[in-house]
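Remember, it's 1-based here, ligands and their atoms both numbered in the order they're listed.
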Amino acid sequence: VIRYFVENNHIQEVYDVLLVLNKIKKLLIDCKKINVTELREFLDKKYEIIHRIAVELNDEQLANATYVTKKYSNLLLKISSYLKTIKDKEYQSSWVILQDCLDLTFWIGKYTKIDNRLEIPSLIKLFSCYESLYPYKIFVSSELIVTKSRCSICGASWNSLDCTHIKGNLVWGKVVTEEILDAEFSAIAIVPHPIDKRCIIEIDEKDQEYSFNKIDLFTGQNLYPFTMFTISSKKSFKRREDIKIVGVNSPCSCGSGLKFKKCCKKKLYQEHLTLLATPTETVNFLFF
Ligand SMILES: [Zn+2]
Ligand SMILES: [Zn+2]
């Protein structure tokens with residue numbers, strides 16, 4: 001679908017969009033700062049114009065291609081937001097952005113041909129590497145029974161024969177979806193691999209520093225952000241230099257009044273996590 005968009009580069013706005021997409025990719029590769037808001041506004045205006053042109057030309061394929069390309073540019077901008085968030089050590093919010101990136105990648109992958117998926121397959125691999133750095137392993141998933149819904153395109157009741165649209169298809173630059181009007185809440189479950197991994201089970205505040213240890217150590221290694229990696233971590237014990245060793249039955253040096261063996265001797269060795277990220281393949285961004 002994106003290829004059809006590119007084939008229409010005789011349209012000035014299409015050409016402008018492709019230039020900007022190349023620019024964003026170049027900035028990503030060079031790890032340079034990207035002005036996400038400004039670029040999104042610029043691109044959205046262009047996409048609107050191209051959509052109008054497609055309607056005038058009666059070219060539905062172009063309208064659909066524009067929609068998918070818009071998602072693609074959103075993905076590139078999201079990636080830049082993600083990298084900024086982990087750089088700023090906002091790990092908790094970075095998880096949600098990472099999930100957005102994955103959703104967009106899968107979505108775009110579905111609307112592009114297997115031999116022409118640009119960097120989509122390698123981005124999915126890359127995001128999975130990043131996912132492995134988080135402490136979230138189980139999630140909350142809720143089950144709903146839909147009692148009333150309608151088609152997002154024609155508005156007819158979803159289960160009526162009046163609507164001939166097929167879920168997931170593109171129609172004039174819009175996706176056919178089932179809009180839920182009414183639903184009954186049926187169950188809640190705790191699962192390891194739901195479709196939506198945003199509903200995490202909160203970790204104890206006290207443990208949080210420790211649980212983001214992995215991603216924190218990873219960012220500390222300053223690995224090139226577009227290289228996939230394998231992780232090996234090792235727990236070791238480190239002698240605490242701040243504790244002064246005295247005789248086991250002597251009063252502890254911390255001033256607690258307890259014997260050393262009943263006090264700081266127990267805390268003498270601290271658990272220490274070391275992590276080594278080994279780079280494997282690198283995402284190869286393709287230019288238009
Ligand atoms: Zn319909
Ligand atoms: Zn002590």
Exercise for review: Is it possible for you to say whether L27 and L286 belong to one hydrophobic cluster, with membership spreading through side-chain heavy-atom contacts below 4.5 Å?
Suggested key: yes
Practice item. For atom NZ of K84, decide whether the heavy atoms of other residues, nucleotides or ligands shown that lie under 6.0 angstrom number more than 12. Key: no
**Study point:** Name of the H165 atom (N/O/S only) found closest to the Zn ion (ligand 1)
**Key:** ND1
Review point. Which value, rounded to 10°, describes the SG(C163)-the Zn ion (ligand 1)-SG(C154) angle?
Key: 110°
Review point. Among side-chain atoms of T112 and Y72, is any donor-acceptor pair under 3.5 angstrom?
Key: no
Practice item. Apply salt bridge (charged side-chain N to carboxylate O under 4.0 Å, His left out) to D103 and R198, showing your working. Key: CA-CA 11 Å; D103 286 353; R198 287 175 188 79; 2.8 Å; yes
Practice item. Taking the Zn ion (ligand 2) as the vertex, measure the angle between atom SG in C254 and atom SG in C263; round to 10°. Key: 110°
